[in-house]
Amino acid sequence: MRAGCLRASALEEQAMVLEAASEGVRLDLKFVDYLMLIIYFVTVLAIGVIARRSIRTSMDFFLSGRSMPAWITGLAFVSANLGAIEILGMAANGAEIGMATMHYYFIGAVPAMVFLGLVMMPFYYGSKVRSVPEFMLRRLGKAAHLVNSIAFSVSNVLIAGINLYAMAIVVEAMLGWSQWTAIIVSAVFVLVYITLGGLSSAIYNEVMQFFVIVAGLVPLTVVGLHRVGGWNGLKTALMETDGVSRLHLSAWQGTSIGDVTNPIGANWLAIVLGLGFVLSFGYWTTNFTEVQRAFSAKNMSAARRTPLIGAFPKLLIPFVIVIPGMIAAATIGNQFADGTLTYNDAIPKLIQMYLPSGVLGVAVTGLMASFMAGMAANVSSFNTVFTYDIWQEYIKPNMPDDYYLKAGRVVSITGVVIGIFTAYLASQFGNIMTYIQTLFSFFNAPLFGVFILGLLWKRMTPAAGLWGYIAGIIAPTIVWIAYLKNPSLFATGTAETLYGAIISFVTVMVVSVAVSLFTKPKSDEELQGLVYGVGTIDVKSDHVAGDTAWYRSPALLGTVALALCVGFYLPIV
């Protein structure tokens, strides 16, 4: 009797899942689910109100007064990236291209994070600059600085639109609101807490949001794998899905030069150089949205450890994002194929199919937290760069500090308003990861080329930095336009971004070296602490008690992170 009841219950549950799978994305939240959301939103606003009490200067608002401990900034570092790009974008990639998405973590993130902590943070933090564009100002002068500041501001409001659009997808599914209503409501909510408490509010919320996000994604992964019969069941289901091949289950198969058959549409050299070097290092080492968290650390040791601490949870994130995307491909791949759903719907659809009330509330709260974290990171870095690097430097210099504090809050409002409109652009892409990588190839790839050459070669001149950077933006833009007119140039949109990034980087190198040979460089006195081999940086001068403990050694943390990265990578080759 009992066995019969259990079988009946299982069949009933399976029928409910099949029914949900055949429907559009509409989440059926109960009272307990809404209660979790309400508690979360109240907590977020409370953190903003509390953080506001510590805001006395513009440095408090934009950089948390450089007072944050390493474990806080480390978790905020990875959480700031755990927004729409990560949750919806990487899950969409998991559904569309499978295990090849792991490239974005194991060569596309962790090595660059280690490089930032060990190599670049001493220059950033030691120079006492307030932003990455300000380092450009110190190294290459005003012209390159202005272009960088404007380019960063433009790219950031475009990325803010991605996070708003992603949030709108979930709110639309959850409440049935129109996307525009969801976008505006979500934007207003983020704006309130970031305007109240500045970067401190963003960072403390990001730490809390990290745990909420993980709490929502882990049950989804566990239940999803159980439903498809574990890892072996998932592999079998994928092999039986139209449009999916065995290459979905391998990261490197089909990447031979001259014989490219992998879903990314690029050979191993393009993946290693385009993603593993140019795009990843450009994002993790020069994108101020991320680096700002390390800038807020209390001393050099904490600043260097920030990305290194963040590397460890980053290694685990793909298992609760990419795997669910693959589960979606195996269970609802037909709806992706016929256009009923886009790949961006992978995570919300699985939540609808598999999670019961209560757990559903945790998962939806986790999604909301991720989008808010990403949006807040965009806004906090945008207001810092626009206020310090554009407004203070070129429009209203030498004003009282209180003036820039008020200006920062106004800029925050402006950035969110613009982000609302750029959300429309994000809605035009079926896979927002392709969109974001296109932006990175335009803006981050050339910036990394300029930075790495400027750090390693003292002969690089300000004129070379300017024209190399501009040429590096134009080159991938031309490649992208050519691809839009003739899609046969590249196998996929993702492949185009990889080759575009490589072309951008090479263009920066060629133009910068050529211009440097015919223009005057800065003197060694002007380059102290800004270029390798010119002056020294004392990374221990501001150490506090405990910084010298062996387990806090940046070199040890970096080595262990890279070793784990290799260990996780090998099984999926």
Side-chain angles (χ1 to χ4, degrees), residues 63-64 66-82 104-132 135 203 206-207 210 276-317 377 381 444 447-448 451-452 454-456 529-532 536-544 546-566 568:
L63 290 176
S64 301
R66 295 191 191 271
S67 61
M68 294 288 180
W71 76 270
I72 290 285
T73 55
L75 288 178
F77 188 91
V78 71
S79 182
N81 176 251
L82 204 56
Y104 290 92
Y105 296 88
F106 299 145
I107 63 170
V110 174
M113 294 165 76
V114 172
F115 184 81
L116 172 63
L118 297 184
V119 178
M120 295 191 71
M121 276 315 302
F123 289 95
Y124 285 148
Y125 203 87
S127 63
K128 302 301 181 186
V129 296
R130 299 168 299 183
S131 68
V132 170
F135 187 87
I203 286 177
E206 284 161 2
V207 172
F210 172 80
F277 181 57
V278 181
L279 284 175
S280 69
F281 278 69
Y283 178 78
W284 292 102
T285 69
T286 65
N287 181 13
F288 186 56
T289 300
E290 291 296 325
V291 180
Q292 186 179 24
R293 274 76 195 141
F295 276 40
S296 70
K298 64 181 180 181
N299 63 3
M300 174 70 80
S301 174
R304 296 184 71 195
R305 283 184 280 125
T306 292
L308 302 176
I309 291 171
F312 290 94
K314 188 68 176 177
L315 286 167
L316 302 176
I317 292 300
S381 56
N444 290 5
L447 183 59
F448 175 63
F451 263 70
I452 202 67
L455 279 177
L456 299 178
L530 300 175
V531 182
Y532 265 106
T536 59
I537 300 173
D538 187 353
V539 296
K540 298 181 179 179
S541 61
D542 59 355
H543 271 189
V544 296
D547 283 346
T548 56
W550 65 270
Y551 55 85
R552 292 185 176 180
S553 165
L556 175 64
L557 291 172
T559 301
V560 173
L562 290 177
L564 289 174
C565 187
V566 173
F568 287 154

query: Would you call Asp547 and Lys540 a salt bridge, using N to O less than 4.0 angstrom?
result: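 No salt bridge links Asp547 with Lys540.
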query: Should Leu116 and Val291 be marked as a side chain to side chain contact (heavy atoms under 4.5 Å, CB included) after you check the CA-CA gap, both sets of side-chain angles, and the distance that decides it?
result: CA-CA 9 Å; Leu116 172 63; Val291 180; 4.3 Å; yes
- request: Indicate the ring-plane relationship of Phe295 and Phe288, choosing parallel, tilted or perpendicular according to the 30° and 60° boundaries.
  value: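 Perpendicular: the ring planes of Phe295 and Phe288 meet at over 60°.
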query: Without hydrogens or angle criteria, can the side chains of Thr306 and Thr73 be said to hold a donor-acceptor pair below 3.5 Å?
result: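 There is such a pair (donor and acceptor under 3.5 Å, judged by atom type) between the side chains of Thr306 and Thr73.
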How many angstroms lie between atom [atom1] of [X] and atom [atom2] of [Y], to the nearest 0.5 angstrom?
X	Y	atom1	atom2	result
Asn299	Met68	CG	CE	14.0 Å
Met121	Arg305	CE	CZ	12.0 Å
Gln292	Asn287	CD	CG	10.0 Å
Ile537	Ser127	CD1	OG	7.5 Å
Leu556	Tyr551	CG	OH	12.0 Å
Tyr105	Leu315	OH	CG	11.0 Å

task: Decide yes or no on side-chain hydrogen bond (donor to acceptor under 3.5 Å, both in side chains) for Ser296 and Ser64, but give the supporting numbers first.
output: CA-CA 6 Å; Ser296 70; Ser64 301; 4.7 Å; no
task: Any chance you could lay out the side-chain hydrogen bond (donor to acceptor under 3.5 Å, both in side chains) test for Asn81 and Tyr283, step after step, and finish with the verdict?
output: CA-CA 10 Å; Asn81 176 251; Tyr283 178 78; 2.9 Å; yes
Taking C-beta and beyond as the side chain, do [X] and [Y] meet within less than 4.5 Å on heavy atoms?
X	Y	result
Tyr124	Thr286	yes
Phe277	Ile107	no
Val560	Phe312	yes
Leu82	Phe210	yes
Arg552	Ser301	no
Met113	Lys314	yes
Phe77	Glu206	no
Val119	Tyr532	yes

- request: Identify the heavy atoms of Gly117 and Pro122 that sit nearest to each other, and give their distance.
  value: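 Minimum heavy-atom separation between Gly117 and Pro122: O-CD, 4.1 Å.
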message: Ignoring hydrogens, what is the shortest heavy-atom contact between Cys565 and Pro111? Give both atom names and the distance.
response: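 Minimum heavy-atom contact is SG-CD, 4.5 Å.
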- request: For the pair Trp284 and Phe448, evaluate ring pair (Phe, Tyr, Trp, His ring centres under 6.0 Å) and give the outcome as yes or no after the intermediate values.
  value: CA-CA 10 Å; Trp284 292 102; Phe448 175 63; over 10 Å; no
- request: For Leu455 and Phe135, run side chain to side chain contact (heavy atoms under 4.5 Å, CB included): C-alpha distance rounded to whole Å, both residues' side-chain angles, the deciding distance at 0.1 Å, then the answer.
  value: CA-CA 11 Å; Leu455 279 177; Phe135 187 87; 3.9 Å; yes
task: Decide side chain to side chain contact (heavy atoms under 4.5 Å, CB included) for Phe281 and Ile452; before the verdict, give the C-alpha distance in whole Å, the side-chain angles of both, and the deciding distance to 0.1 Å.
output: CA-CA 10 Å; Phe281 278 69; Ile452 202 67; over 6 Å; no
- request: Check whether NZ of the Lys or CZ of the Arg Arg66 lies under 6.0 Å from the centre of the six-membered ring of Tyr125 and within 45 degrees of that ring's axis.
  value: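 Geometry flag: set, cation within 6.0 Å and 45°.
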